[in-house]
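One structure is given below, encoded as structure tokens.
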Amino acid sequence: MKDAGSSDLALFGTPARRIRLAVALVALLLLPFVASPFLLDLANQVLLAVIGALALMLLTGFAGLISLGTAGLLGAGAYTVGVLVREAAAAFWVTLPAAALLGAILGLVFGLPSLRLRGLYLAISTLGLHFVVVYLGGEYEAREALSTGVMIDPPSIGRFSLTSDIGWYFVLLAFAALALLISVNLKRSRTGRAWRALRERDVVAEALGIDVHRFKLLAFVVSATMTSVAGALFAYYRNFVSIDAFSLYLTVQYVAMIIIGGMGSIPGALLGAAFVMLFPYAIEAAAGFLPSRFGNVVFALDYAAFGVVMILFLLLEPAGLMGIWHRIRAAFAARRATSAPKSAPGSASGSAPGSAP
Amino acid sequence: MIELAVEHLSLHFGGLAVLNDVSLHVEQGELLALIGPNGAGKTSVLNCISGIYRGDGAIRLRGQDISGRAPHEIARLGIARTFQHGELFAQMTVLENLLAGRHALIATTIWSEMFFLPAVRREELRHRDAAEKLLSFVGLSRHRHTLVGALPFGLQKLVGFARALALEPKLLLLDEPSAGLNRSEREELARFILRIKDELGLAMIWIEHDMQMVADLADRLHVLDYGRTLGVGSAAEVLSNPAVIAAYIGTQRSPDG
């Protein structure tokens with residue numbers, strides 16, 4: 001029994017998993033050296049999105065708490081950096097913990113309605129967070145007469161400052177890996193089980209000894225902290241903060257990431273983040289094949305196609321990309337299982353196993 | 001020794017009296033059957049004990065009044081329960097359901113969980129061992145990694161039992177565990193309830209409609225009707241009580257009526 005237990009707890013137990021991890025790691029480490037500057041910037045954006053998507057997956061995918069506060073929290077983190085750098089010339093080792101702290105406080109405050117509200121009503125209440133942050137950010141920009149936002153110097157230690165996209169790639173990769181590690185570990189321990197239990201049946205969870213209020217608030221705090229730190233990193237990466245960047249459309253994109261990736265799945269958050277960030281470029285490339293008189297509608301096309309994809313996933317594949325992946329894998333496994341014994345006797349009736357659509 | 005005593009419990013929803021001055025107790029190692037027609041208030045009694053409903057009156061666990069406490073606090077004090085419709089976490093595995101049931105016993109902090117520190121690993125292994133013991137007790141070991149939603153109904157019921165037992169309770173509340181089970185599953189359930197009583201020595205309050213099972217297994221019966229106590233005693237006493245018969249079968253009309 002002891003052995004079964006420990007192998008359950010091993011993250012990379014099987015050799016196949018270890019090989020897959022090693023291949024992924026090598027690919028991730030080599031990527032910046034072969035990628036064009038354009039692709040590298042894209043990779044960095046995906047890594048930033050991964051942190052926010054994981055944070056939202058913890059809250060919505062695990063704990064079942066709906067939030068429309070992602071853009072507001074990203075903005076709060078970014079503005080923490082902007083204001084502290086501009087007013088106090090603070091270094092990143094001050095601004096990042098400050099952003100994390102502010103995120104935690106905002107998570108606690110805007111998690112409070114979740115103790116009373118659920119579903120759509122909760123979603124609306126978290127919108128308040130969005131508008132408070134956007135309003136305060138806009139006020140700050142107006143008061144300081146910053147028409148183009150707050151400029152931010154790159155983070156630096158001594159004489160080294162982080163300016164190159166390759167350097168940023170490795171920093172963001174480390175942060176995304178940390179977010180991934182935290183998400184995986186929370187999912188497989190007491191806190192993650194409590195979140196998933198209260199998502200499924202909160203009254204039952206409570207009767208089993210789970211302090212539902214506490215774990216709802218904890219989900220908001222952890223998620224908001226991660227999101228706010230992602231926002232702070234975003235501000236440093238872009239070298240400036242502007243309130244225009246934190247629209248409601250950004251929130252919709254993050255919600256789309258976890259829906260398209262697959263609700264409740266950590267790999268789904270990664271896939272969803274990559275999908276949503278790369279989607280506009282795919283549409284742009286596809287639009288290149290259109291006659292040139294359609295050139296000015298590419299932007300509208302992007303929005304429309306995004307909406308269509310969201311609706312298609314919600315209607316046809318609620319389990320998201322991970323659901324599709326599991327089905328493909330199951331189909332291959334079934335094919336192998338049925339074809340292997342059939343080929344051995346060499347029967348004349350060796351028809352192909354009925355392939356499911 | 002009295003494990004739990006409910007004293008003068010009343011419960012109202014608006015103008016509707018659900019429970020009216022109900023008093024009952026259950027002793028260590030005793031199986032108390034709570035019976036009565038539909039709508040008699042049986043589940044409401046369990047919900048008051050586990051803190052989901054808040055009634056008037058005292059609920060004493062080993063002498064200590066626990067009424068008014070939150071359900072999760074009451075669970076921590078050693079009162080576990082099953083639910084009428086299973087109410088399992090369908091998208092979690094059998095093992096995860098049991099570990100969720102042990103939530104109150106697992107002592108890890110979120111900080112150490114984030115990095116799965118050695119202390120977390122040790123604690124997880126310890127509780128997985130305990131959950132595995134319970135799985136073999138209910139005979140579900142080979143389903144440990146199956147999603148509960150994918151199990152047949154009869155096995156889901158067992159998971160519900162195991163999840164309640166995972167808390168290592170002193171008192172177990174069973175809300176109509178035989179509902180939806182066929183004859184042979186009921187027999188298995190009966191054996192299982194006796195094993196819990198004999199091997200684990202728990203006090204149990206058991207809501208049941210199957211009078212044959214109740215008569216065979218229960219140490220004592222408590223009958224409710226319209227939120228009032230109709231009778232208490234052994235199966236023979238209670239089932240021959242005219243008031244109980246009237247509640248179940250209806251009163252006999254006088255010929256001249």
Side-chain angles (χ1 to χ4, degrees), chain A residues 1-11 54 58 61-62 64 104 115 178-219 221-222 225-226 262-265 319 326, chain B residues 46-47 50-52 70-77 79-81 83 86-92 95-97 99-110 112-117 120-121 123-129 131-133 136 141 144-145 148-149 160 163-164 166-167 169 173:
Chain A
M1 253 343 104
K2 201 108 202 161
D3 291 332
S6 344
S7 65
D8 278 358
L9 293 186
L11 279 186
L54 282 170
L58 290 187
F62 291 6
L115 305 184
L178 181 67
L180 178 61
L181 184 75
I182 288 173
S183 306
V184 169
N185 283 338
L186 286 182
K187 184 178 185 183
R188 64 194 181 131
S189 48
R190 180 175 178 262
T191 301
R193 283 190 297 265
W195 284 340
R196 290 157 67 208
L198 76 87
R199 176 192 66 186
E200 288 204 45
R201 298 176 183 279
D202 54 356
V203 174
V204 177
E206 177 87 23
L208 290 182
I210 295 169
D211 186 345
V212 166
H213 284 188
R214 182 185 148 84
F215 279 90
K216 278 185 175 177
L217 288 179
L218 203 54
V221 168
V222 172
T225 306
M226 281 169 70
M263 206 50 103
S265 158
H326 285 311
Chain B
L46 294 203
N47 283 343
S50 50
I52 295 171
H72 70 265
E73 292 174 323
I74 290 173
R76 273 157 194 268
L77 293 172
I79 300 181
R81 68 175 291 177
F83 293 83
E87 309 277 349
L88 295 158
F89 306 126
Q91 293 173 54
M92 294 165 74
L95 185 62
E96 284 170 337
N97 266 268
L99 288 170
R102 290 184 74 78
H103 177 90
L105 305 173
I106 302 176
T108 52
T109 63
I110 189 168
S112 53
E113 287 168 12
M114 284 182 180
F115 302 99
F116 223 75
L117 298 179
V120 176
R121 179 174 296 274
E123 190 76 352
E124 280 286 320
L125 283 175
R126 194 162 75 78
H127 288 281
R128 272 161 196 262
D129 278 351
E132 290 287 352
K133 284 201 186 80
S136 64
S141 296
R144 64 171 70 84
H145 291 314
V148 168
R163 188 181 64 181
L167 187 62
L173 310 175

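In what follows, chains are A, B, ... by sequence order, proteins preceding strands, each numbered from 1.
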Partner chain B: residue of [options] with the largest heavy-atom pair count (under 4.5 Å):
options: A:Lys187, A:Arg188, A:Arg196, A:His213; value: A:Arg188
options: A:Ala207, A:Gly264, A:Gly192, A:Ala194; value: A:Ala207
options: A:Val203, A:Leu218, A:Ile182, A:Asn185; value: A:Asn185

Which residue out of B:Gly101, B:Ser50, B:Ala90 racks up the most heavy-atom pairs below 4.5 Å with chain A? B:Ala90
If you tally heavy-atom pairs under 4.5 Å against chain A, which of B:Leu167, B:Asn97, B:Leu99 wins?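 Most pairs with chain A among the choices: B:Leu99.
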Got a second to check how far [X]'s [atom1] is from [Y]'s [atom2], nearest 0.5 Å?
X: B:Gln91; Y: A:Arg199; atom1: CD; atom2: CZ; value: 5.0 Å
X: B:Glu73; Y: A:Asp211; atom1: CD; atom2: CG; value: 7.5 Å
X: A:Leu9; Y: B:Arg121; atom1: CG; atom2: CZ; value: 5.5 Å

Can you tell which part of [X] gets under 4.5 Å to a heavy atom of chain A, answering side chain, backbone, both or neither?
X: B:Ile110; value: both
X: B:Phe115; value: both
X: B:Ile74; value: neither
X: B:Leu95; value: side chain
X: B:Arg102; value: neither
X: B:Thr108; value: both
X: B:Ala164; value: neither

Where the side chain of A:Arg201 meets the backbone of B:Phe89, is there a donor-acceptor pair that is under 3.5 Å apart?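 Answer holds: no.
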Would you check if the side chain of B:Glu124 reaches a backbone N or O of A:Ser189 as a donor-acceptor pair within less than 3.5 Å? no
I'd like to know if B:Glu123 and A:Arg190 make a salt bridge, using a cut-off of under 4.0 Å between side-chain N and carboxylate O. no
For B:Met92 and A:Arg193, run side chain to side chain contact (heavy atoms under 4.5 Å, CB included): C-alpha distance rounded to whole Å, both residues' side-chain angles, the deciding distance at 0.1 Å, then the answer. CA-CA 9 Å; B:Met92 294 165 74; A:Arg193 283 190 297 265; 4.2 Å; yes
Does A:Glu200 reach the side chain of B:Val148, with side-chain heavy atoms less than 4.5 Å apart? no
Name all residues meeting the side-chain hydrogen bond (donor to acceptor under 3.5 Å, both in side chains) criterion together with A:Thr191; count only those two or more places apart in sequence or in a different chain, and write none if there are none.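 Per chain and number, A:Thr191 pairs via side-chain hydrogen bond (donor to acceptor under 3.5 Å, both in side chains) with B:Glu113.
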Applying side chain to side chain contact (heavy atoms under 4.5 Å, CB included) to A:Leu54 and not counting sequence neighbours gives A:Val50, A:Ala179, A:Leu180, A:Ser183, A:Met226, A:Ile266, A:Ala269, A:Leu270
Please step through side chain to side chain contact (heavy atoms under 4.5 Å, CB included) for the pair B:Arg163 and A:Leu208, ending with a clear verdict. CA-CA 8 Å; B:Arg163 188 181 64 181; A:Leu208 290 182; 3.7 Å; yes
Is the distance between the ring centroids of A:Phe215 and B:His72 under 6.0 Å?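 Between B:His72 and A:Phe215, which both carry aromatic rings, the centre distance is not below 6.0 Å.
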